[in-house]
**Q** 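Please see the structure below; I have some questions.
Each residue takes its place number in the sequence, starting with 1.
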Amino acid sequence: MSQGNERQEQPPSGHHSEDVIRSKALLADLGVEEYDPKVLDLLNDIAYQTATELLNTARSVSTHCGKSSIEVTDVRIASEFLGYNRADGPTRDQITQIAKHTNEQPLPQIRHSNGLKLPNDRFCLLQNNVRWRMDNPPPAKPAAHLGAGDMPTQFRPEQVNAMLKRKAPADDFD
């Protein structure tokens with residue numbers, strides 16, 4: 001596609017609106033030769049949304065000033081208010097320099113070990129936390145017959161707090 005012919009051609013009547021022709025001309029001016037036809041619809045949709053938002057804000061500014069119609073100054077104030085004329089961000093060169101500096105720093109070495117790399121067990125949700133219901137549970141032993149080795153494993157709140165407060169080892173995530 002040549003850029004000059006694209007702008008001069010008039011499509012057959014009724015096939016394209018003026019907005020589609022302008023969007024095609026904009027893409028041709030930017031050097032975009034291949035694009036999905038849906039891009040034109042998206043560009044027009046963004047243009048309509050932006051213009052509607054700008055004009056609604058300009059109307060609010062003009063009614064605030066007591067005017068009956070929207071003037072050029074109202075549109076300028078609305079565009080500044082919405083941030084369409086901002087140029088206070090970093091330039092492309094500054095962003096490129098920051099990215100270059102960041103990318104120069106090497107990534108930490110990966111420790112090679114076998115198996116899946118998971119955090120320490122106390123940070124994983126891999127512990128057995130399910131109690132299965134049995135249809136015919138075994139008869140419970142009376143408490144008087146429990147020996148020292150038969151005590152159920154149940155933690156007191158103090159033990160849980162002590163476990164959570166302990167300092168993690170250096171190789172916690174390996």
**Q** Of all heavy-atom pairs between Val32 and Tyr35, which one has the smallest distance, and what is that distance?
**A** CG1-CD2, 3.9 Å

**Q** Taking distance alone, no hydrogens or angles, what donor-acceptor pairs closer than 3.5 Å link side-chain atoms of residues 96-105 to residues at least two apart or in another chain?
**A**
residue: Thr96; atom: OG1; partner: Arg92; partner atom: O; Å: 2.7
residue: Thr102; atom: OG1; partner: Ile98; partner atom: O; Å: 2.9
residue: Asn103; atom: ND2; partner: Ala99; partner atom: O; Å: 3.2

**Q** So for atom CD, which belongs to Gln94, do other residues, nucleotides or ligands contribute more than 12 heavy atoms lying within a distance under 6.0 Å?
**A** yes

**Q** Which donor-acceptor pairs under 3.5 Å do side chains of residues 77-84 form with protein atoms, sequence neighbours excluded?
**A**
residue: Ser79; atom: OG; partner: Val75; partner atom: O; Å: 3.4
residue: Ser79; atom: OG; partner: Arg76; partner atom: O; Å: 2.9
residue: Ser79; atom: OG; partner: Asn85; partner atom: ND2; Å: 3.1
residue: Tyr84; atom: OH; partner: Glu53; partner atom: OE1; Å: 2.8

**Q** At their closest point, which heavy atom of Ile70 faces which heavy atom of Leu55, and how far apart are they?
**A** CD1-O, 3.9 Å

**Q** Identify whether Val72 and Val61 are in the same connected component of the hydrophobic contact network (ILVMFWY, side-chain heavy atoms under 4.5 Å).
**A** no

**Q** Strictly by side-chain hydrogen bond (donor to acceptor under 3.5 Å, both in side chains), give each pair with a member in residues 54-71 just once, sequence neighbours left out.
**A** Asn56-Arg59, Lys67-Glu71, Lys67-Asp74

**Q** Should side-chain heavy atoms under 4.5 Å link Ile, Leu, Val, Met, Phe, Trp and Tyr, which residues sit in the same cluster as Leu42?
**A** none

**Q** Excluding sequence neighbours, so at least two apart, what forms side-chain contact (heavy atoms from CB on, under 4.5 Å) with Pro106?
**A** none

**Q** Only counting residues at least two apart or in another chain, list the ones meeting salt bridge (charged side-chain N to carboxylate O under 4.0 Å, His left out) with Asp41.
**A** none

**Q** From Leu26 CG over to Asp19 CG, what is the distance, rounded to the nearest 0.5 angstrom?
**A** 12.0 Å

**Q** Hey, could you give me the OG/CG distance between Ser23 and Asn44, rounded to the nearest 0.5 Å?
**A** 3.5 Å

